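Everything on this sheet refers to the single structure shown next.
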Amino acid sequence: MTTTAPTSLRPSTSIYLSGNFAPVREELTVFDLEVTGSIPEGLNGRLLRIGPNPVADPDPNTYHWFSGNGMVHGVRLRDGRAEWYRNRYVADDTVTAALGRPTTPGPRHGMGSGVANTNVIGHAGTTFAIVEAGGLPVELTYDLDTISMSDFAGTLPGSFTAHPKLDPATGELHAVVYYWEWDYLQYVVVGADGRVTKTVDVPVPGKPMTHDCSITESQVLIFDQAVTFDLELAMTGRGLPYRWDPDYGCRVGVLSRQATDGVATVWCDVDLSYVYHPLNAYDLADGRVVVDVAKHPRMFDRDPLGPNDGPPTLWRWTVDPAAGRVHEELLDDRGQEFPRHDERLVGRPHRYGYTAAFRGDAELGPAYKHDLVARTSQTHDYGPGRVTLEPVFVPVDDDAAEDDGWVMSYVYDAATDRSDVVILHAQDFEAEPVATIHLPTRVPFGFHGNWIPD
Ligand SMILES: [Fe+2]
């Protein structure tokens with residue numbers, strides 16, 4: 001385990017500008033990629049991902065990993081071929097100014113330059129780069145060029161998030177968003193047509209950083225945790241002016257998806273920690289809610305410039321609104337993050353989950369498959385010096401069993417300083433990959449991505 005050093009003794013240079021955290025500078029378009037193995041014929045679409053890629057060299061003493069300009073990377077698959085790889089800056093106002101490009105049209109929200117660097121999704125026929133804390137979604141073309149900033153056709157009142165949850169039954173996106181000027185979190189529902197249909201303000205006692213949320217078939221889970229806005233940090237120009245705030249405490253809010261008033265949220269205390277990412281959540285018959293989470297022991301305490309406060313581990317939280325408490329159970333004590341699952345089961349009971357190794361000091365490694373019923377796990381080791389980013393699960397078809405599908409991820413190879421897209425079969429997780437698609441560049445360690453079928 002890591003220990004906490006007094007603030008004055010901490011190294012203050014970002015580790016998020018070296019190695020494969022460092023930005024790439026070229027925007028590439030490369031056709032007909034080299035493939036080892038066979039790409040499944042049924043995979044027609046794009047595997048996209050995004051992360052921070054500062055367009056100009058930032059000050060390494062203050063650069064926060066979460067603040068870099070967005071760059072989206074994509075591989076397009078069709079009929080067993082890897083047709084192209086593209087990477088493009090998301091054209092926020094800093095990017096367009098630095099590169100001498102026309103200003104991106106569309107609305108703006110709050111201060112800042114409109115950076116969108118955290119997730120990339122397909123919704124309502126559009127590709128969006130998305131981010132939390134005040135930035136608006138950015139519409140991209142199929143080929144990943146920026147079109148405009150978006151407030152969902154004027155229907156989004158303020159902030160959005162990098163982690164909306166797509167309800168497979170309704171096609172709606174459910175999100176919990178925050179903004180430093182607000183004394184509330186906001187539950188936002190975006191319809192299948194890409195327009196906001198509902199917002200509910202949820203009062204909270206401070207200004208927490210709320211990265212993600214969960215839904216069940218009946219509830220939305222709201223994470224109100226001990227990382228809060230710090231005006232003094234903001235005045236210094238810190239890219240992400242949020243700090244560890246243990247006095248604030250940690251709680252999970254349970255709110256009916258039908259609610260129209262956030263005061264109805266039932267808050268359930270949980271021990272001090274920080275969760276960016278739930279794996280999935282579901283209702284129990286007795287009114288409790290299960291949510292599996294990747295849990296960090298602290299956040300921005302030892303290292304104020306990124307998530308480097310001891311390895312995150314996999315836990316099951318059983319949230320009991322009647323008792324106002326959360327029961328915690330450790331599922332896997334290995335360092336891991338970026339949990340994913342079969343998204344046909346968002347809000348419904350899941351058996352399987354997939355994570356990427358994420359140890360102390362932001363060290364990456366293999367992928368893990370978890371069987372959360374049998375309580376077993378498998379490891380896919382990508383080979384010496386090869387480490388995976390977030391693994392994305394794609395079922396072989398709509399009716400496939402929960403783990404009958406592909407686990408797709410961008411894998412960095414330190415020996416060649418390039419990346420591959422690697423496709424595994426989830427039911428043969430430890431076997432050699434089904435396909436390895438060789439990219440002409442490296443894809444920096446970043447945040448999230450998705451398979452967006454055509
Ligand atoms: Fe995230």
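Remember, it's 1-based here, ligands and their atoms both numbered in the order they're listed. Keep in mind that this is a model prediction, so the values were computed, not measured.
Within the structure, the ring-ring contact (aromatic ring centres under 6.0 Å, His included) test picks out the following pairs touching residues 219-256 (sequence neighbours left out): Y178-Y242, W180-F229, F229-Y242.
Using cut-offs of 30° and 60° for the angle between ring planes, the Y412 and F445 rings count as perpendicular.
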Open item on the list: What verdict does the ring-ring contact (aromatic ring centres under 6.0 Å, His included) test give for Y276 and F66, after you've listed the backbone C-alpha separation in whole Å, the side-chain angles of each residue and the deciding distance to 0.1 Å?
Closed with: CA-CA 12 Å; Y276 287 101; F66 295 0; 5.7 Å; yes
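In this view, S148 and P105, E139 satisfy the side-chain contact (heavy atoms from CB on, under 4.5 Å) rule, not counting sequence neighbours. Not counting sequence neighbours, W65 has no partner by the side chain to side chain donor-acceptor pair (under 3.5 Å) test.
Within the sub-2.8 Å shell of the Fe ion (ligand 1), the protein contributes these N/O/S atoms: H163 NE2, H211 NE2, H277 NE2, H448 NE2.
R442 and D413 are not joined by a salt bridge, as no carboxylate oxygen comes within less than 4.0 angstrom of a charged side-chain nitrogen.
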